[in-house]
Protein chains: 2
Amino acid sequence: MRGQALKGHLDLLLLAVIADGPKHGYAVIEELRLRSDEAFDLPEGTVYPALHRLEKADYLSSGWSETQGRRRRTYTLTKRGSAALGEQRESWNDFSQAIGQVLKGVPWPSTP
Amino acid sequence: MRGQALKGHLDLLLLAVIADGPKHGYAVIEELRLRSDEAFDLPEGTVYPALHRLEKADYLSSGWSETQGRRRRTYTLTKRGSAALGEQRESWNDFSQAIGQVLKGVPWPSTP
DNA sequence: ATCTACCCATAGTAATACTAGGTGTCAAGT
DNA sequence: ACTTGACACCTAGTATTACTATGGGTAGAT
């Protein structure tokens, strides 16, 4: 899948996987790939800046840890982040339903 | 609904409504509003440039007509446009399903 | 006369996902 | 000893794109 289709929905995905439990960036990428059945394989250059953005917006908080010589920045969902997740989830539902309605009337190309 | 969530999926919507039959820009906006049950109420500044883009990409062709003193530019889906619609529709299905899968595991906030 | 609906257009802005690079650790293979 | 690949982080710059704001014009109703 072309990744750029993510536009506007990346935050929802990131918040969703972190809602499941605190995670560091690399783990977020892996988790997203797993849960989406390989559909989402996001480049680091997409995820890290987005996490910074979400932290700045107070949707996530972070802390450093050192695990066997590797430094990790682990992100946790804040209260605001949890609320945002709920809202974004609803708006995703509305959005996808609306698209579905528009598409409903359109016939698929003839496949005899 | 906040319109900017459209990012990356506007073309699909435009192609879809025009696939139903040739339409001019203003009619596209109306049709989209109707079919989406008011969810999509796109500003003209969004739609017109997008139509130009799609025509440039040879997904649409256009022609002017004059109806009771009003000039209209009517767009018709090209063969390439029809193919693109099919592809974008499939990729929308994959995309929305993938989002659904990611969201599946996440519990909604406690609503007692 | 003015307002609203109809109908088109463009310039500039903001947001954001991505490309392309960079830093460094550790384990396994050669 | 060296290289490769997985792990783990980061940023600068680019491209795309939906939107805001604005402008032009016609027709019909109040």
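Note that the structure is predicted; figures quoted are calculated from it, not measured. Below, all heavy atoms of this structure are taken into account, side chains as well, without hydrogens, waters or symmetry copies. Proteins get letters first, then strands, A, B, ... in listed order; numbering begins at 1 in each.
Every residue was checked against the side chain to side chain donor-acceptor pair (under 3.5 Å) condition with A/R80, not counting sequence neighbours, and none meets it. Scored by the side chain to side chain contact (heavy atoms under 4.5 Å, CB included) test, B/Q101 finds A/D37, B/Q97, B/K104 as partners (sequence neighbours excluded). Residues that satisfy the side chain to side chain contact (heavy atoms under 4.5 Å, CB included) test with B/E30, not counting sequence neighbours, are B/Y26, B/R33. Taking the side chain to side chain contact (heavy atoms under 4.5 Å, CB included) definition, one finds that B/T46 meets it with B/L10, B/P43, sequence neighbours left out. Scanning for side chain to side chain donor-acceptor pair (under 3.5 Å) contacts around B/R53 gives B/D11, with sequence neighbours left out.
The distance from atom CG of B/L6 to atom C1' of D/dC19 is 10 Å, rounded to the nearest whole Å. Atom P of nucleotide D/dC9 and atom CD of A/Q68 are separated by 13 Å, given to the nearest angstrom. Computed from coordinates, the A/I29 CD1 to D/dC10 P distance equals 11 Å when rounded to whole Å. Taking atom CZ on B/F40 and atom P on D/dA18, their separation rounds to 12 Å, with Å as the unit. If you measure from atom NZ of A/K23 to atom P of D/dC9, you get 13 Å, rounded to the nearest angstrom. Between the CG atom of B/L12 and the C1' atom of D/dA18 there is a distance of 16 Å, rounded to whole Å. For A/H9 and D/dT17, the NE2 to P distance is 14 Å, given to the nearest whole Å. In this structure, the CG atom of A/D41 is 11 Å from the P atom of C/dT19, given to the nearest Å.
Side-chain atoms of B/F40 and B/I29, non-hydrogen and from C-beta on, never get closer than 4.5 Å to each other. Side-chain atoms of A/W92 and A/S96, non-hydrogen and from C-beta on, do get closer than 4.5 Å to each other.
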Kindly list each side-chain donor-acceptor pair under 3.5 angstrom involving residues 56-65 of chain A, sequence neighbours excluded, with atom names and distances?
{"unit_1": "A/S62", "atom_1": "OG", "unit_2": "A/E55", "atom_2": "OE1", "d": "3.3"}
{"unit_1": "A/S62", "atom_1": "OG", "unit_2": "A/E55", "atom_2": "OE2", "d": "2.8"}
{"unit_1": "A/S62", "atom_1": "OG", "unit_2": "A/R73", "atom_2": "NH1", "d": "3.2"}

For residues 13-24 of chain B, tabulate all N or O donor-acceptor pairs below 3.5 Å that involve a side-chain atom, not counting sequence neighbours.
{"unit_1": "B/D20", "atom_1": "OD2", "unit_2": "B/R35", "atom_2": "NH2", "d": "3.3"}
{"unit_1": "B/K23", "atom_1": "NZ", "unit_2": "B/V17", "atom_2": "O", "d": "3.4"}
{"unit_1": "B/K23", "atom_1": "NZ", "unit_2": "B/G21", "atom_2": "O", "d": "3.0"}

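Remark on the helix from C/dA1-D/dT30 to C/dT30-D/dA1: inter-end axis angle 0°, axes from five-pair C1' superpositions, rounded to 10°.
The closest donor-acceptor contact from the side chain of A/R89 to the backbone of B/L103 lies under 3.5 Å. In terms of modelled atom types and a separation under 3.5 Å, the side chain of A/T78 and the main chain of A/G81 share a donor-acceptor contact.
Of the residues in residues 53-61 of chain A, those with a non-hydrogen atom less than 4.0 angstrom from any atom of DNA chain C are A/R53.
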Letter per nucleotide, 5' to 3', of nucleotides 2-15 of chain C [B base touched, S only sugar-phosphate touched, - untouched; heavy atoms, 4.0 Å]: ---BBBBBB----B
